[in-house]
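Written out below as structure tokens is the structure these notes cover.
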Amino acid sequence: MTNNKRTVTCGQLDKSWAGKKVVLNGWVHRNRDHGGIHFLNLRDHYGMTQVVIDEDAREQLKKEAESLKIEFCVAVEGVVRQRPESMINKEMKTGSIEVKAEKITILNSCETLPFMIDEESEANENLRLKYRYLDLRSLGMQKRIKLRADLAFAVREFFDGRGFLEIETPTLIKSTPEGARDFLVPSRLHEGKFFALPQSPQLYKQILMVSGFDKYFQIARCYRDEDARGDRQLEFTQIDVEMSFVTADDIYEMTEAMYSHIFKKLMNIDLPSSFERITYHDAMNTYGSDKPDLRFGLQFHDFAPFVGKGEFSVFKDVLSDSSGAVKAMIVPGAAAAYSRKKISELEEEAKKYGAKGLAWMKVTADGFDGGISKFYQSISTEIIRGLGAKEGDLILLMGAQWKTACNSLGAIRSKLGRDLDLIDESKFKFCWIVDFPLFDYNDDEQCWEPAHHMFSMPQDRFIETMEKNPGEVLGDLYDLVLNGYELASGSIRVHHPELQQRIFNIVGFPKELAEERFGFLLDAFKYGAPPHGGIASGLDRLAMILAGKQSIREVIPFPKNNVGVSPMDESPAFVDEEQIKDLHLQVIKSKSPETQETK
RNA sequence: GGAGGAGUAGCGAAGUUGGUUAUCGCACCGGCCUGUCAAGCCGGGGAUCGCGGGUUCGAGUCCCGUCUCUUCCGCCA
């Protein structure tokens, strides 16, 4: 057995090894039997090496080589030799050499594979997840998981260099009313009581600031019991940071430096020394999103100045309400390519976000054509000049409540960015979204609610009078956006019990409930809590973007699928009656037992 | 919870207005082949066409129901 142990990996051999005897361990990636001569591609984590069984090999060796199938795990003993010039494979890192086999040992055989292990497997995702151990063998997954590990290392390196401490916080905590639904863990020792899994280490990191740790970070697992998407799932990893005695500017500087370090180290890309800052209002107003993709234009224009001069009564009605808005987007040169049918596809996209319709006009040599052009023909010159449109452009117009108009036109902007191929995939465009409103009005419940969470500080100028008009209060909170993804989010926190109480009052959060749920934090603030603030970045999303993927499942070794199931181990699963009893629980089945058992 | 799309061999796909024995590539099995690198050539096995019902002389194809997957909306401070 000992002489089967590898002396080199499949990724390290080159010409300098010619003539040396080596042992390789790895998997049979490809198997090309030419009768007289036989080639194997042997693969391990480090790369791929071609093994040759020559025509002059012993019969026994030839037989062994013939018996090998894809993904057999083998040991190959042989001699490295340089390939003749004409047989060098420039696509392969080890393409200048090959190993002439002298002995092949099958370490383990492999059944017929459920799918081929390729860099880009075409198998459907649930099958890949069921056989994740095979999927992870692919070169692509190997690279991405390594990228993720390198990323985590770069993060620790950065924070260590700046004097931050990585401090762990518990994962069995108290359920606190934050944004998402909690995962609950029943307590065996305390009947009827539950732990929750953290949605983030939020409260603990603030407590750590009260405790004087000054600069904290943690690569923390977080849990939210909500429906999954391409860029989010039940459990995810956050780069969590909190600092004492800081302002928002300190957080910006630190975060920009962290991303610069990461991008330089992993991608050899120099990021700008500071990132553009866009207010929430401007982001919504010009891009229709609080996470705009700045890799392409298609900014919105205000169409309101033209509404009064035209004849389109729908827009006049919209503007008669003070919260109404009419936004315009110029799509350069798209008039010819966008038929009624294609425009109605855009309209469908907008309707998902609450728009009632989508108006449009095409710019011609002498005015407008199609759509609602007859209502604005008389002032076409003024509009074209005002919006900076050109002949052949398509003008899309959206009239609705301001937020609906922005959101729905923003959805169209995103779709056009993809459809018209406006996005330069090699670019990384960061921006800060700042000046978020602290409170949102909930029309259904007729009350104010926190736009982010209840622990964010209002900006100074609003503090004194914030009860008068909560809707106008801007918070000291910020998001970091990269290429249309929300990458990080944070705020300067409230650290005075009185101010915290006023915020609870505005959002109608009962004092008793606050005491019960996070009284410990409010108590902590009574003992000389320092001003503090922080930010949390999504590590999975960052890894996904760096890997150029659309789904975080491509950078998580063992993810749940879209319906919150792990196809490999089939979790979640039923448990024994006994376990449920121990936890003082009873399962109330909403479906018939057969239905539950089969799925 | 809602809307769209999909389900055909281990995997990825084709299958026309309903018409013989359901096709192709990869994988698998057997054979040939001395330089391939996604090797090539010849042959073979493997499919209750998601499931249930209906229309029809005849259904992968049309109709109804149902299940699963998938993208999006809601949700995700």
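Considering only side-chain N and O atoms, A/Asn561 lies nowhere under 4.0 angstrom from the phosphate OP1 or OP2 of B/C69. Within the 4.0 Å cut-off from OP1 or OP2 of B/U36, not a single side-chain nitrogen or oxygen of A/Arg32 is found.
Residues meeting the ring pair (Phe, Tyr, Trp, His ring centres under 6.0 Å) test with A/Phe236, sequence neighbours left out: none. With sequence neighbours excluded, the residues satisfying side-chain contact (heavy atoms from CB on, under 4.5 Å) with A/Val79 are A/Glu102. Take A/Asn562 and apply the side-chain contact (heavy atoms from CB on, under 4.5 Å) test, not counting sequence neighbours, and it matches A/Ala228, A/Arg553. Remark: A/Lys560 engages A/Glu235 in a salt bridge (Lys or Arg N to Asp or Glu O under 4.0 Å) (not counting sequence neighbours). Take A/Ala220 and apply the side-chain contact (heavy atoms from CB on, under 4.5 Å) test, not counting sequence neighbours, and it matches A/Pro201, A/Gln218. Under the rule for a side-chain contact (heavy atoms from CB on, under 4.5 Å), A/Lys63 has no partner lying at least two apart in sequence or in another chain. Every residue two or more places apart in sequence or in another chain was checked for a side-chain hydrogen bond (donor to acceptor under 3.5 Å, both in side chains) with A/Arg181, and none qualifies.
Heavy-atom distances under 4.0 Å link RNA chain B to A/Met87, A/Asn89, A/Met92 of residues 84-94 of chain A, given in residue order. Contacts between residues 216-231 of chain A and RNA chain B, counted as heavy-atom distances below 4.0 Å, involve A/Arg224, A/Glu226, A/Asp227, A/Arg229. Remark: A/Lys352, A/Tyr353 in residues 350-357 of chain A come within less than 4.0 Å of RNA chain B through at least one heavy atom.
Comparing B/G7 with B/U48, their C1' atoms sit 16 Å apart, to the nearest whole Å. Atom C1' of B/C63 sits at a distance of 23 Å from the matching atom of B/C69, rounded to the whole Å. Distance check on atom C1': B/G5 versus B/A9 gives 24 Å, rounded to whole Å. Atom C1' of B/C28 sits at a distance of 26 Å from the matching atom of B/U34, rounded to the whole Å. Going from the C1' atom of B/C62 to that of B/G19 covers 14 Å, rounded to whole Å. Remark: the separation of the C1' atoms in B/C51 and B/A6 is 16 Å, to the nearest Å.
Here B/G35 presents its P atom at 10 Å from CD of A/Glu55, a figure rounded to the nearest Å. The separation between A/Leu42 atom CG and B/U36 atom P is 21 Å, rounded to whole Å. Here the C1' atom of nucleotide B/A38 and the CG atom of A/Leu40 are 16 Å apart, to the nearest Å. Spacing between atom NZ of A/Lys415 and atom P of B/G4 amounts to 16 Å, rounded to whole angstrom units. Atom P of nucleotide B/U34 and atom CG of A/Asp54 are separated by 13 Å, given to the nearest angstrom. Atom CG in A/Asp33 sits roughly 13 Å away from atom P in B/C29 (whole-Å rounding). The CD-P distance, from A/Glu348 to B/G5, rounds to 12 Å in whole Å. Distance, A/Leu129 CG to B/C69 C1': 12 Å, rounded to whole Å.
No hydrogens or angles were tested; on distance alone, nothing pairs the side chain of A/Arg30 with the base of B/C37 as donor and acceptor under 3.5 Å. Between the base of B/U36 and the side chain of A/Gln50 there is a donor-acceptor pair shorter than 3.5 Å.
Of the candidate nucleotides B/C76, B/C69, B/G35, B/G35 has the atom nearest to the side chain of A/Phe39. Distance from the side chain of A/Lys69 is smallest for B/C28 among the nucleotides B/U34, B/C28, B/C37. The side chain of A/Val563 lies closest to B/C69, out of B/C69, B/G35, B/C28.
The aromatic ring centres of A/His45 and A/Trp27 sit 6.0 Å or more apart. Taking the six-membered ring for Trp, A/Trp432 and A/Tyr252 have ring centres closer than 6.0 Å. Taking the six-membered ring for Trp and the full ring otherwise, A/His34 and A/Phe39 have centroids separated by under 6.0 Å. Taking the centre of each ring, A/Tyr478 and A/Phe436 stay at or above the 6.0 Å mark.
The cationic group of A/Lys342 lies under 6.0 Å from the six-membered ring centre of A/Tyr338 and within 45° of the ring axis, placing it in a cation-pi geometry.
Under the stacking criterion of a centre-to-centre distance below 5.5 angstrom and an interplanar angle below 30°, A/His34 is not stacked against the six-membered ring of B/G40.
Under the 30°/60° scheme for interplanar angles, the aromatic rings of A/Tyr133 and A/Tyr131 are found to stand perpendicular. Using the six-membered ring where Trp is involved, A/Phe509 and A/Phe504 have ring planes that are tilted, between 30° and 60° apart.
Using a 4.0 Å heavy-atom distance criterion, A/Gln233 is classed as making no nucleic acid contact.
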Give each protein N/O atom lying under 3.5 Å from an N/O atom of nucleotides 9-14 of chain B, with the pair distance.
unit_1, atom_1, unit_2, atom_2, d
B/G10, O2', A/Pro114, O, 3.0
B/C11, O4', A/Pro114, O, 2.9
B/G12, OP1, A/Asn124, N, 3.2

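Taking the side chain as every heavy atom from C-beta outward, A/Ile70 and A/Met116 approach each other to under 4.5 Å. No side-chain heavy atom of A/Arg32 sits under 4.5 Å from any side-chain heavy atom of A/His38.
A/Asp56 has a carboxylate O that lies under 4.0 Å from a charged side-chain N of A/Lys100, or vice versa, which qualifies the two as a salt bridge. A salt bridge links A/Arg43 with A/Glu71: at least one charged nitrogen is closer than 4.0 Å to a carboxylate oxygen.
Where pairing requires Watson-Crick or G-U contacts shorter than 3.5 Å, the helical stems of RNA chain B with at least three consecutive pairs are B:1-7 with B:67-73, B:10-13 with B:23-26, B:28-32 with B:40-44, B:50-54 with B:62-66.
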